[in-house]
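Everything on this sheet refers to the single structure shown next.
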Amino acid sequence: MSGFDKRVYSYEEAMDGIESGMTVVAGGFGLCGIPENLIAEVKRRGVKDLTVISNNCGVDGFGLGLLLEDKQIKRFYASYVGENALFEQQMLNEEIEVILTPQGTLAEKMRAGGAGIPAFYTATGYGTPIGEGKEVREFNGRHYILEEAFHADFAIVKGWKADRYGNVVYRDTAQNFNPLAATCGKITVVEVEEIVEPGELRPDQIHTPGIYVDRIIQGTFEKRIEKRTVREG
Amino acid sequence: MSGFDKRVYSYEEAMDGIESGMTVVAGGFGLCGIPENLIAEVKRRGVKDLTVISNNCGVDGFGLGLLLEDKQIKRFYASYVGENALFEQQMLNEEIEVILTPQGTLAEKMRAGGAGIPAFYTATGYGTPIGEGKEVREFNGRHYILEEAFHADFAIVKGWKADRYGNVVYRDTAQNFNPLAATCGKITVVEVEEIVEPGELRPDQIHTPGIYVDRIIQGTFEKRIEKRTVREG
Amino acid sequence: MALTREQMAQRVAQELKDGFYVNLGIGIPTLVANYVPDGIDVMLQSENGLLGMGRFPTEDEVDPDMINAGKQTVTARPGAAIFNSAESFAMIRGGHVDLTVLGAFEVDQEGNIASWMVPGKLIKGMGGAMDLVAGAENIICTMTHASKHGESKLLEKCTLPLTGAGCINRVLTDLAYLEIENGAFVLKERAPGVSVEEIVEKTAGKLIVPDHVPEMTFD
Amino acid sequence: MALTREQMAQRVAQELKDGFYVNLGIGIPTLVANYVPDGIDVMLQSENGLLGMGRFPTEDEVDPDMINAGKQTVTARPGAAIFNSAESFAMIRGGHVDLTVLGAFEVDQEGNIASWMVPGKLIKGMGGAMDLVAGAENIICTMTHASKHGESKLLEKCTLPLTGAGCINRVLTDLAYLEIENGAFVLKERAPGVSVEEIVEKTAGKLIVPDHVPEMTFD
């Protein structure tokens, strides 16, 4: 059994092996479903010159925004980075290189990396600055550009429940990029709210099969809300 | 509400609009998870010159094998067709054109068709007869071939449960190609064992979101077993 | 008179059909959800991975795991489906969304749209907008007809970096509803009390004006 | 003496490591599951969409919705995951499977494999074999060393249409265990009682024979 018991019991162990200069892909959309404790551990370790792939860069003082404080990020692939004053400042100072990537292309590049698809064509970005320098090709009279897959040294992922084999389910819209990030890391680390016994998750309802997952850790989460919007009850 | 109530109450209605010469993609692997009643309806209608995309062609007298009896299939995309004497005979007589497609490529071509990806690169088939005539390209020192997406006029799919919006879940390995086929049909018809009320299926556990589905029908299924293999109890 | 934001949303809502899957961008497009006509049901797609977006939650219902593409807390309606971002954009890119409504800085007579980047200003990113304009066959662009300084936003050729090329076929401004056909804007309706002359004056791109241009009607 | 099918499976099973995800092809590879060494746990991947394949069902457990890639009824072990075919081959093509074991008609010194088609004979299809050989970094090919007529199946160059190019690095035959390196077969082990001479004689491709070639050992 031991070979499939992927549980670790400290965040230090969870991020063991991460080094300066590595590429890290992180799940999450805004502050929803972000691997908040794994990010905090990356900050604690002080590794530098990271290339980070994630839809957003958190906010000042939370989520991936934490990694800006000590300038740990060298390059950032994202679709939207407008929620973060420190990010803006480092971008303007050219301390951080930002490669803006359309949201769907970002997701598909993660999936492709995990799925052994080195590149695919998409109409997204054709005729825009995003298409510049990329191969253009016509299929059935429409123009598409070639996009290549993402690969990362570490994938950091936030799940809801997992078993020790690394089978993971996500809750509601906290799923977002997480299952895609999980597929394209050399080492994939998933933090979850609850570790359950094997067999408790229905096999045909698992979002991320354990084969993609190297380490599982149970944590507690702040789950900060970025834009609390309510109606009268 | 009516606009989203996709239920139909007869197989005739379910396959309304299918015509000779059309392309039909069908879910199922072997005889597992095949849309058996939808196939029977295609047979009943006697439409001819069909292009069919499916992993296998059923067996003599069941599943897609039924469509061979009246020579309704002109062209067949599959990964394995070895379970069917009538198919062999029509293949040898060149009455049916067979385009053998690796199983993973077949699945990915369905997904690509549904996902607006006109083409993708894969290492599968490079250097083999499958790669002949296809573009070869090197990424990071490895060779890949270009494969294009599938599109079909009709997708016929077998689910387990669905709601009237067309949200579908599949049971165990009867999932197989079904959710992929569901995405790449102009008209997607799903037959299921049970139609449940909206809200009964957990939103984050739906395999096929209703946006892909045009018609839902509840049926009864023989679920024939191709290779019953048991151990002593 | 120029349409208010609410009237713009109301006019767009007239384009909804029963059974439509619709993606609404941020701003005026979001307001469209408030004007869905009686007897018509539409399902809202939120590109972070939610089909069947419901109302904002009550204080008790707020759930950090349930947000929309604008990062606001939301609810899911019965019959909703939730999925990952690759699946969400497969849906969008694959053309399964029936109608997309989004804002823009500029649109031109070739159907090009610029909505995400102003050179020299801070760039925040395109989010899902490039995928949405490339994927939908049916897009309505909502914007003011001209800038505060009176400069037209309906151009012969966009001046800003594009979000998508040749993908817009319908534009609703505060002054008019127009369609883009064969390299020209075609004036279909005008806001109540707005003259054809004013629209002509404020449209820099090629504009085709039919003999009769009806005023928009609102219930 | 040449290995039996069971011994071949047993020898392959010695290559399993605790925690391996393994895909076993039809025939001898399937038998490998019966010889997983004590203290080692492997998870079997079945390419129709099952990770964590269990034993065959009892008569009571038979379920038409639960089959393996050979279309046999199976069970899932606790902790199994079931998914669609695109996901299954994403896993395979993406190199996530630790070991693939499959049969072949021919293998050559460049690591090419032919296993699916004999011209002139009825073609049944490649199923998932082409994806498996293209995706796995770690493949063991199992086959008899020579045909019934004594013709070698370990060739300088495959004569049959390929399943995959340059993807095989290990071969277990009924006579020997070999690795493929730099355009040659390297003889690593011989079946008990089989002479190096016999192996040399029955290997048509370039063969490197180390000074010492140990016999295989079985528990």
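Predicted model, so just to flag it, every value in this text is computed and none were measured. We name chains A, B, ... by the order of the sequence lines, and we start the count at 1 in each one.
Between Cys32(A) and Pro64(C) the shortest heavy-atom distance is SG-O, 3.4 Å. The two residues Val230(A) and Phe56(C) come nearest to each other via the heavy atoms C-CB, 4.1 Å. Contact record, Asp65(C) with Thr173(A): O-OG1, 2.7 Å, taken as the closest heavy-atom pair. Closest approach of Gly127(A) and Ala165(C) over heavy atoms only: CA-CB, 4.2 Å.
Annotation: Arg231(A), atom CZ; neighbour count of heavy atoms from other residues, nucleotides and ligands within 6.0 Å is above 12. More than 12 heavy atoms of other residues, nucleotides or ligands sit less than 6.0 Å from atom CD of Glu138(A). Other residues, nucleotides and ligands contribute at most 12 non-hydrogen atoms within 6.0 Å of the CD atom of Glu137(C). Enclosure of atom CD in Glu156(C) is not indicated, since only 12 or fewer non-hydrogen atoms of other residues, nucleotides or ligands lie within 6.0 angstrom. Around the CG atom of Asn140(A), the shell of radius 6.0 Å holds no more than 12 heavy atoms that belong to other residues, nucleotides or ligands. Heavy atoms from other residues, nucleotides or ligands lying under 6.0 Å from NZ of Lys206(C) number 12 at most.
Looking at Arg228(A) and Glu59(C), a side-chain N of the basic residue comes within less than 4.0 Å of a carboxylate O on the acidic one, giving a salt bridge.
Here the straight-line distance linking atom CD of Glu47(C) with atom CZ of Phe29(A) works out to 6.5 Å at 0.5 Å rounding. The distance from the CD atom of Glu226(A) to the CD1 atom of Ile67(C) is 7.0 Å, given to the nearest 0.5 Å. Rounding to the nearest 0.5 Å places CG of Asn68(C) at 7.0 Å from OG1 of Thr229(A).
Heavy atoms of Asn112(C) lying under 4.5 Å from chain A are absent altogether. For a residue to count as touching a neighbouring chain, one of its non-hydrogen atoms must lie under 4.5 Å from one of that chain's; by this rule Pro179(A) touches chain C with the side chain only. Both the backbone and the side chain of Thr105(A) come within contact range of chain C, each with at least one heavy atom under 4.5 Å from a heavy atom of that chain. Residue Ile123(C) touches chain A through both its backbone and its side chain, counting heavy-atom pairs closer than 4.5 Å.
The stretch residues 22-37 of chain C places none of its residues near chain A, where near means some heavy atom under 4.5 Å from a heavy atom of that chain. Residues from residues 85-100 of chain C that place a non-hydrogen atom less than 4.5 Å from a non-hydrogen atom of chain A comprise Ser85(C), Ala86(C), Phe89(C), Arg93(C), given in numerical order. The interface of residues 177-186 of chain C with chain A, defined by heavy-atom distances below 4.5 Å, is empty.
Counting heavy atoms from C-beta outward, Met91(A) and Leu122(C) have side chains that approach closer than 4.5 Å. Within the 4.5 Å cutoff, the side chain of Ile130(A) has heavy atoms near those of the Met126(C) side chain. Ile225(A) is not listed as a side-chain neighbour of Lys71(C), based on a closest heavy-atom distance of 4.5 Å or more. By the 4.5 Å heavy-atom criterion applied to side chains, Asp63(C) and Asp172(A) are counted as neighbours.
Of the possible polar contacts, none joining the Thr58(C) side chain to the Glu232(A) backbone as a donor-acceptor pair under 3.5 Å is found.
Across Arg224(A), Glu108(A), Met110(A), the residue that shares the most heavy-atom pairs under 4.5 angstrom with chain C is Glu108(A). Of the residues considered (Ala129(C), Gly166(C), Ala134(C)), Ala134(C) shows the highest number of contacts with chain A, using heavy-atom pairs under 4.5 Å. Taking chain C as the reference chain and counting heavy-atom pairs below 4.5 Å, the highest number among Leu31(A), Asn176(A), Asn178(A) is found for Asn176(A). Chain C forms the most heavy-atom pairs under 4.5 Å with one residue out of Leu106(A), Asn56(A), Val98(A), and that residue is Asn56(A). Comparing Ser46(C), Pro57(C), Gly164(C) by how many heavy-atom pairs each has under 4.5 Å with chain A, the most go to Pro57(C). Per-residue heavy-atom pair counts under 4.5 Å with chain A were compared for Ala80(C), Ala69(C), Ala114(C), and the maximum is reached by Ala69(C). Counting heavy-atom pairs closer than 4.5 Å to chain A, the top residue among Val62(C), Leu50(C), Leu132(C) is Val62(C).
Within the structure, side chain to side chain donor-acceptor pair (under 3.5 Å) contacts touching residues 115-136 of chain C (residues at least two apart or in different chains) are Thr124(A)-Asp131(C), Ser115(C)-Thr163(C).
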Original post:
Going through the distances and angles, do Asn84(C) and Phe177(A) end up as a side chain to side chain contact (heavy atoms under 4.5 Å, CB included)?
Top reply: CA-CA 6 Å; Asn84(C) 70 51; Phe177(A) 287 86; over 6 Å; no
